[in-house]
Amino acid sequence: MSSNANQNAPSAPLLDRSDVRVKHETGVSGAVRAFADRVRSGDLGSLPVVVGLVLIWTVFASLNPIFLSANNLVNLLFDASTVGVISLGIVCILMVGEIDLSVGSISGFASALVGMLWVNEGWPVALAILAALLAGGLIGALYALLFNRLGMPSFVSTLAGLLAVLGMQLYLLGATGSINLPYGSAVVNFGQLLVMPDPVSYVLAAIPGIVLFVTGYRTVVRRREASLSSRSLGSLVLRAILITAVLELIVFYLNQDRGIPWMFGLFVGLVVAMSYALTRTKWGRSMTAVGGNREAARRAGINVRLIYTSAFMLCSMLAALGGVLSAARLASASQQAGTGDVNLNAIAAAVIGGTSLFGGRGSAYSALLGIIVIQSIANGLTLLDLSSSLRYMITGAVLAIAVIVDSLARRSRVSHGRA
């Protein structure tokens with residue numbers, strides 16, 4: 001009799017454990033524990049690069065107070081925008097587990113093409129820029145063709161492309177080796193002078209916090225309707241307020257000098273658009289799936305070849321756009337454009353920012369965080385009047401540390417079943 005009663009009794013302890021679990025996950029302390037659990041399981045996100053950036057800024061500010069001056073930080077944002085756009089393309093190609101070694105040459109070729117068509121041939125500047133972007137897209141399509149149809153490794157095809165595109169850049173520039181862009185033109189002003197009006201910068205700085213709250217609130221509502229655990233509204237509001245306050249303070253500080261460059265605003269806009277595409281669209285989910293396991297993605301019905309084609313073309317077109325911005329910044333297209341450490345910095349920024357070299361994991365914000373780290377190192381060493389050899393060594397060390405962290409985090413995710 002007692003056994004039957006026990007079988008028919010409601011399972012109250014199970015409900016209680018569920019309630020406790022929900023409360024545990026929705027409270028502020030629960031959010032902290034959940035974050036700690038993610039870190040222990042290898043889901044580090046942007047934590048390493050943020051910590052590294054704080055350390056770098058602290059060191060350089062202690063050695064030279066000018067480093068954190070508003071004027072110097074505005075210059076840093078101008079300089080970071082050009083290679084940052086190129087690095088955003090590298091994020092795309094790394095997401096599918098491939099690489100493009102020719103982004104520097106493509107950026108230099110695009111700047112030479114704009115200079116030749118606009119200055120020498122008299123094309124409208126908008127058409128010249130459009131032609132450069134289309135040329136970048138065609139180069140990416142060629143890489144995709146070689147990869148999809150002939151099975152040529154991206155390392156080999158893009159290395160060959162680096163040499164071929166560099167040759168085309170030198171051919172366009174001719175014997176003079178450089179083409180000066182019209183100083184005072186809208187393009188050059190955009191790359192060197194134009195900054196946002198103060199009210200515009202304050203409004204734009206408030207948008208991330210608002211978007212965070214709105215999207216987070218919708219997620220909380222949907223999860224509660226499905227009887228799933230969710231974060232508390234209080235923690236969501238606090239997070240949105242903190243992010244908004246930090247961004248507004250940064251904008252206020254930079255507005256004490258010239259303000260936020262429009263070119264950096266364009267870069268951030270591209271990062272936000274790419275982040276939305278990678279996280280909120282079918283294409284973005286397919287990119288992650290292909291980078292994680294190509295065969296599994298194919299069996300799931302994903303057009304793998306199309307995904308690779310889009311990744312290669314986006315990478316090349318963003319490299320071309322970065323070259324156009326670089327020409328605007330320097331007011332010229334020359335043989336040195338796209339050479340030197342452009343390839344190194346673009347690839348290193350994506351990896352340092354948190355995009356995995358193994359494919360399938362990454363974020364558009366990797367390019368933003370990574371290029372700020374690299375540009376901070378270059379800027380700080382320049383203020384200290386130290387040789388570029390140190391910059392290469394320090395950047396190489398930071399890159400090596402980032403790859404080691406990525407490898408260890410990947411092992412931890414595998415061991416915790418979260419790979």
Side-chain angles (χ1 to χ4, degrees), residues 43 45 84-104 106 136-162 270-271 273-322 343 346-370 399 402-403 406-407 409-410 413-414 418-419:
D43 189 5
V85 171
I86 302 174
S87 181
L88 187 58
I90 292 293
V91 170
C92 292
I93 201 66
L94 288 180
M95 282 291 292
V96 294
E98 300 300 327
I99 191 64
D100 189 339
L101 301 178
S102 67
V103 289
I106 293 174
L138 289 175
I139 294 172
L142 177 59
Y143 291 154
L145 179 65
L146 294 174
F147 180 83
N148 288 327
R149 298 295 181 180
L150 302 180
M152 181 180 292
S154 59
F155 182 92
V156 177
S157 61
T158 57
L159 181 60
L162 181 154
L270 291 172
V271 169
M274 184 63 71
S275 177
Y276 178 86
L278 289 174
T279 58
R280 300 283 182 173
T281 66
K282 180 181 178 181
W283 171 80
R285 291 189 291 271
S286 298
M287 289 274 287
T288 303
V290 171
N293 191 315
R294 175 180 179 177
E295 181 60 22
R298 185 188 66 80
R299 290 172 180 266
I302 296 175
N303 190 335
V304 174
R305 288 185 175 181
L306 182 61
I307 294 300
Y308 278 119
T309 300
S310 65
F312 277 109
M313 292 184 67
L314 266 176
C315 183
S316 296
M317 292 182 72
L318 287 170
L321 178 59
N343 269 343
I347 297 173
V351 177
I352 290 172
T355 299
S356 176
L357 284 169
F358 303 101
R361 295 185 67 89
S363 167
Y365 293 99
S366 301
L368 176 60
L369 294 172
L399 176 60
V403 175
D406 177 41
S407 180
R410 185 168 181 266
R413 289 194 300 270
V414 171
R418 303 183 63 173

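This chain uses plain numbering: 1 for the first residue, then up along the sequence.
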Enquirer: In Å, rounded to the nearest 0.5 Å, how long is the span from CZ of Arg361 to CG of Leu94?
Expert: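 Nearest 0.5 Å value for the CZ-CG distance: 14.0 Å.
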Enquirer: Of all residues at least two apart in sequence or in a different chain, which pass the side chain to side chain contact (heavy atoms under 4.5 Å, CB included) check with Ser366?
Expert: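 Only Val91, Thr355, Ser363 meet the side chain to side chain contact (heavy atoms under 4.5 Å, CB included) criterion with Ser366.
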Enquirer: Could you tell me the separation between the CG atom of Leu368 and the CG atom of Leu88, rounded to the nearest 0.5 Å?
Expert: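 Here the rounded value is 9.5 Å.
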Enquirer: Answer yes or no: is there a side-chain heavy-atom contact under 4.5 Å between Ile90 and Cys315?
Expert: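 Of all side-chain heavy-atom pairs linking Cys315 with Ile90, at least one is under 4.5 Å.
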Enquirer: Any side chain to side chain donor-acceptor pair (under 3.5 Å) pairs touching residues 139-161, not counting sequence neighbours?
Expert: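 Listed by first then second residue: Glu98-Ser154, Ser102-Tyr143, Asn148-Thr309.
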Enquirer: Could you tell me which residues satisfy side chain to side chain contact (heavy atoms under 4.5 Å, CB included) with Arg299, sequence neighbours excluded, listed by chain and number?
Expert: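 For Arg299 the side chain to side chain contact (heavy atoms under 4.5 Å, CB included) partners, ignoring immediate neighbours, are Glu295.
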Enquirer: Please list all pairs passing the salt bridge (charged side-chain N to carboxylate O under 4.0 Å, His left out) test where one or both residues lie in residues 274-286, with sequence neighbours left out.
Expert: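 Sorted pair list comes back empty.
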Enquirer: Per the side-chain contact (heavy atoms from CB on, under 4.5 Å) rule, which among Leu101, Val96, Val103 passes with Ile99?
Expert: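 The passing option is Leu101.
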Enquirer: Heavy atoms only: give me the nearest Ala346-Ser87 pair and the separation to one decimal.
Expert: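 Smallest interatomic distance, heavy atoms only, reads O-OG, 3.0 Å.
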Enquirer: Per the ring pair (Phe, Tyr, Trp, His ring centres under 6.0 Å) rule, what does the pair list look like for residues 273-310, sequence neighbours excluded?
Expert: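 As it turns out, the ring pair (Phe, Tyr, Trp, His ring centres under 6.0 Å) pairs with a partner in residues 273-310, which skip direct neighbours, are Phe147-Tyr308.
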Enquirer: What pairs of residues pass the ring pair (Phe, Tyr, Trp, His ring centres under 6.0 Å) test when at least one of them lies in residues 285-306, not counting sequence neighbours?
Expert: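 Output for this query is empty, none listed.
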Enquirer: How long is the gap from CG on Leu138 to CG on Leu145, to the nearest 0.5 Å?
Expert: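 Rounded to the nearest 0.5 Å, the CG-CG separation comes to 12.0 Å.
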Enquirer: Please enumerate all residues that pass side chain to side chain contact (heavy atoms under 4.5 Å, CB included) together with Cys92, with sequence neighbours excluded.
Expert: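 So Cys92 forms a side chain to side chain contact (heavy atoms under 4.5 Å, CB included) with Met274, Met287, Leu314.
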Enquirer: Examine distances only and state if a side-chain atom of Ser275 and a backbone atom of Ala364 form a donor-acceptor pair shorter than 3.5 Å.
Expert: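 No, because the side chain of Ser275 does not come within donor-acceptor range (under 3.5 Å) of the backbone of Ala364.
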Enquirer: Applying side chain to side chain contact (heavy atoms under 4.5 Å, CB included), can you list everything that pairs with Thr288, at least two apart in sequence or on another chain?
Expert: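 Counting only residues at least two positions away or on another chain, Thr288 forms a side chain to side chain contact (heavy atoms under 4.5 Å, CB included) with Met95.
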Enquirer: Working to the nearest 0.5 angstrom, can you tell me the gap between Ile302 CD1 and Ile307 CD1?
Expert: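 Atom-to-atom, Ile302:CD1 and Ile307:CD1 are 7.0 Å apart.
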